[in-house]
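Below: the structure, in structure tokens.
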Amino acid sequence: MPRFAANLTMLFTELPMLDRFAAAADAGFEGAEILFPYDIPARDLSRAAISAGLEFVLMNTPPPNWAGGPRGFAAEPGREDRFRSDFDRALRFAGALRARHIHIMAGYAQGPEAQDSFARNLAWAAARAPHVSLTIEPLNPKDQPGYFLADFGLAAELIAEVGAPNLGLQFDSYHAHLITGDAMATWRRHASIIRHIQIASVPGRHEPSGGMIDHQGFFAALDHSGYKGWVSAEYNPAGLTAQGLGWLPRRIG
Ligand SMILES: O=C(O)C(=O)[C@@H](O)CO
Ligand SMILES: [Mg+2]
């Protein structure tokens, strides 16, 4: 089975953020991700992850926050200075957390100029942090209207154009199904460039059990494919988080 991480922005929200690490470890997760961790000192987050025995898997750029903040600037023409200073701050934060990946968010823009800006900013970031794994993630246009990256083909094109070994695709089964109508076919098409996976049901973005995606079949296919990355639970629990974890395969021993 793949290694599973808990997205602590969405899971265990019954608890204060620093307590969510131990709750996730108790539930059987081996890693954690936080979308925008910038409100809490990195040393406190790092201590909580280490004492729970969890690896810190992923965070997003840009700072600052989840609540109401724009989802990035990387594709917005004319915002290069802002992108670069945000990226450097994200890099310092990720370094303190020993985060495995940084997800670079595109922001809200359209057209060829936006695509050029995104490609240039990605190339700059990949060269700036050659030893850090960077991802881009298509988000479905119903949840994120106007977000630049809403297409897997375009994401693959950008990754090929930038051509940096530390830039890859973040595949979210929920967004993939809403964008293409077939999450599994999309995963198969792009598996070679996928370096991080997130999961949730369609419809509803709840526990990855039931609904239109066969996640247990997906986990088996990931094993078969030799995928070595993480699978993060990024969903809104239908009730209390711990009561909805029947889908999570537990390691024995
Ligand atoms: O919305 C998602 O899905 C994500 O993974 C986030 O990183 C976007 O904020
Ligand atoms: Mg996601």
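Values below: every heavy atom of this structure, side chains too, minus hydrogens, waters and symmetry copies. All values reported here derive from a predicted model rather than from experimental measurement. For ligands, and for the atoms within them, numbers begin at 1 and follow the listed sequence.
No other N/O/S atom of Asp172 lies as close to the Mg ion (ligand 2) as OD2 does. In Glu234, the N, O or S atom that comes nearest to the Mg ion (ligand 2) is OE1. No other N/O/S atom of Glu137 lies as close to the Mg ion (ligand 2) as OE2 does.
We find the CD-CG distance between Gln198 and Asn7 to be 6.5 Å, quoted to the nearest 0.5 Å.
Between Tyr235 and Ile199 the shortest heavy-atom distance is CD2-O, 4.0 Å.
Using a cut-off of 2.8 Å, one finds that Gln198 contributes an N/O/S atom close to the Mg ion (ligand 2).
Under the 4.5 Å side-chain criterion, counting only non-hydrogen atoms from C-beta, Glu55 is in contact with Trp230.
Every atom of ligand 1 with a heavy atom of Glu234 under 4.0 Å away is listed here by number and element: 2 (C), 3 (O), 4 (C), 5 (O), 6 (C). Counting the atoms of ligand 1 from 1 in the order shown, those under 4.0 Å from a heavy atom of Glu137 are 2 (C), 3 (O), 4 (C), 5 (O), 6 (C), 7 (O). Residue His175 approaches ligand 1 through these ligand atoms, each under 4.0 Å from one of its heavy atoms: 1 (O), 2 (C), 3 (O). Residue Leu139 has at least one heavy-atom neighbour below 4.0 Å for each of these atoms of ligand 1: 1 (O), 2 (C), 3 (O). Short contacts between ligand 1 and Arg71, defined as distances under 4.0 Å to a heavy atom of the residue, involve ligand atoms 9 (O). Of all atoms in ligand 1, numbered sequentially from 1 with element shown, those under 4.0 Å from a heavy atom of His103 are 7 (O). The contact set between ligand 1 and Gln170, taken as ligand atoms under 4.0 Å from a residue heavy atom, comprises 5 (O). Contact atoms of ligand 1 toward Asp172: 3 (O) (distance under 4.0 Å to a heavy atom of the residue).
Taking the six-membered ring where tryptophan is involved, the planes of Phe152 and Phe171 are tilted, since the angle between them lies from 30° to 60°. The aromatic rings of Phe219 and Trp247 lie tilted to each other, with the angle between the two planes from 30° to 60°. The aromatic rings of Phe148 and Phe118 lie perpendicular to each other, with more than 60° between the two planes, well past the 30° mark.
If you look at Gln144 next to ligand 1, there are no close heavy atoms at all, none under 4.0 Å. Using a 4.0 Å cut-off between heavy atoms, Asp143 makes no contact with ligand 1 at all.
No donor-acceptor pair closer than 3.5 Å links the side chain of His103 to the backbone N or O of Met59. The backbone N or O of His101 sits nowhere less than 3.5 Å from a side-chain atom of Ser133 that would complete a donor-acceptor pair.
In this structure, Arg205 counts as a contact residue of ligand 1, since one of its heavy atoms falls inside 4.0 Å of the ligand.
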Check the pair Asp86 / Arg89 against salt bridge (Lys or Arg N to Asp or Glu O under 4.0 Å), numbers first and verdict last. CA-CA 5 Å; Asp86 278 353; Arg89 189 168 160 224; 5.8 Å; no
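Residue-environment remark: CD (Gln110) exceeds the threshold of 12 foreign heavy atoms within 6.0 Å.
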